[in-house]
Amino acid sequence: MKCQVKNAALLAALIAATPALAQDFSYTYLEASRWDTTEKSDIGLKNDEIKSHGYTLTGSYHFDAGLLVQLHYNDGKVDKAWGDKPSALGVSADLDGWGLFVGGAGQARKDVSLWGGLGYERDTVEISIAGYGSESSDFDTYSAGGGVRYWLVSMLEVNAALRFKHFRDDMGYSDNDVQVSLGARLQPAELVSIGVNFDYLLDYRSEALSADVRLQF
């Protein structure tokens, strides 16, 4: 028993003392992610929630000079519009969109990488109401921000990001918000990593939880 305790203590000490990986952070990759969002809303019932889910496909390329370019496509569906039950009041919605990010990325030191830039997203929301048909609206999102990536221990990265966002739809509505992101990434092999991420919009009270698989080069 004492030997097992001693071995466990040695293992914990080795993990704590493991230096961060002396390798580049990969920004050239193909990624598939699944996300779920929850947004507080007072449209229907006070403090009600609008829930949705979907997936995103992302392609990212990091040029030798440091330039970072990313493209993504996302598709989703609203799980619950208003009320306590799914599809309450016969309301459903489909989400479809794409986005572009242009910026830069580089390593501040062997275990820390920084990135930043500007982004644009175009999302189309098609809302269907039983007995009344459907109608679609386009939403544009402009963003500016950046983040940091850090090798916590070998094969495990933690990251954080901050983005300032401006929203605008085709009906003339516009608003601003700040998005905070926290995540972690496990890299069991050189070409493959698995990540989880949590995003929160401060004003919209919207939170998103996502998981992804990344093929990196």
Side-chain angles (χ1 to χ4, degrees), residues 11-12 14-37 53-76 95-123 141-165 178-201 206-217:
L11 180 59
L14 285 173
I15 293 175
T18 299
L21 290 179
Q23 69 179 65
D24 292 340
F25 290 82
S26 176
Y27 286 94
T28 299
Y29 55 80
L30 297 174
E31 179 185 284
S33 64
R34 169 66 158 77
W35 47 263
D36 289 90
T37 66
H53 74 275
Y55 68 88
T56 299
L57 302 177
T58 303
S60 177
Y61 191 82
H62 190 206
F63 293 85
D64 291 338
L67 177 66
L68 178 63
V69 177
Q70 297 177 337
L71 284 169
H72 77 258
Y73 167 79
N74 62 72
D75 184 271
L95 316 173
D96 182 78
W98 62 274
L100 170 67
F101 176 88
V102 178
Q107 290 199 200
R109 59 188 209 202
K110 68 178 183 179
D111 58 348
V112 176
S113 177
L114 304 175
W115 61 269
L118 303 175
Y120 169 76
E121 298 176 40
R122 163 59 69 94
D123 293 295
T141 302
Y142 303 87
S143 62
V148 57
R149 300 171 63 180
Y150 173 67
W151 285 114
L152 185 62
V153 294
S154 178
M155 297 190 297
L156 180 60
E157 165 196 329
V158 292
N159 49 73
L162 185 68
R163 297 177 180 87
F164 299 91
K165 292 193 168 187
V178 175
Q179 183 183 63
V180 179
S181 303
L182 298 172
R185 179 164 300 281
L186 177 65
Q187 185 176 331
E190 182 178 356
L191 296 179
V192 178
S193 65
I194 303 169
V196 293
N197 204 71
F198 176 77
D199 301 315
Y200 189 76
L201 285 171
S206 173
E207 58 186 49
L209 183 63
S210 63
D212 67 73
V213 176
R214 181 179 291 181
L215 180 62
Q216 48 198 40
F217 306 97

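What you see is a predicted model; the values in this text were computed from it and never measured.
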First locate atom [atom1] of [X], then atom [atom2] of [Y], and finally report the distance between them rounded to the nearest 0.5 Å.
| X | Y | atom1 | atom2 | result |
| --- | --- | --- | --- | --- |
| Tyr73 | Asp96 | OH | CG | 4.0 Å |
| Tyr61 | Leu71 | OH | CG | 14.0 Å |
| Tyr55 | Trp35 | OH | CH2 | 10.0 Å |
| Leu114 | Arg109 | CG | CZ | 10.0 Å |
| Phe63 | Leu68 | CZ | CG | 9.0 Å |
| Asn197 | Asn159 | CG | CG | 6.0 Å |

Side chains of Ser193 and Gln187, donor plus acceptor under 3.5 Å:
no
| query | Distance only, no hydrogens: is a donor on one side chain within 3.5 Å (strictly under) of an acceptor on the other, for Tyr27 and Ser113? | reply | yes
Shortest non-hydrogen contact between [X] and [Y], atoms and distance:
| X | Y | value |
| --- | --- | --- |
| Leu182 | Ala160 | CD2-CB, 3.8 Å |
| Leu201 | Lys165 | CD2-CD, 4.4 Å |
| Ser26 | Arg214 | O-NH1, 4.3 Å |

[X] vs [Y] side-chain heavy atoms within contact, under 4.5 Å:
| X | Y | answer |
| --- | --- | --- |
| Asp111 | Leu152 | no |
| Leu57 | Asp75 | no |
| Trp98 | Tyr120 | yes |
| Asn74 | Asp123 | yes |
| Trp151 | Arg185 | no |
| His72 | Glu121 | yes |
| Thr56 | Asp212 | no |
| Phe217 | Leu30 | yes |

Check: Counting distance only, does the side-chain N/O of Thr28 pair as donor-acceptor with the main-chain N or O of His62 below 3.5 Å?
Finding: yes
Q.
Check for me whether Arg149 meets the cation-pi criterion with Phe25, that is, NZ or CZ under 6.0 Å from the six-membered ring centre and within 45 degrees of the ring axis.
A. no
ask   = In terms of the angle between their ring planes, are Phe198 and Tyr200 parallel, tilted or perpendicular, with boundaries placed at 30° and 60°?
value = parallel
Determine, stepwise, if the pair Ser181 / Arg163 fulfils side chain to side chain contact (heavy atoms under 4.5 Å, CB included). CA-CA 8 Å; Ser181 303; Arg163 297 177 180 87; 3.3 Å; yes
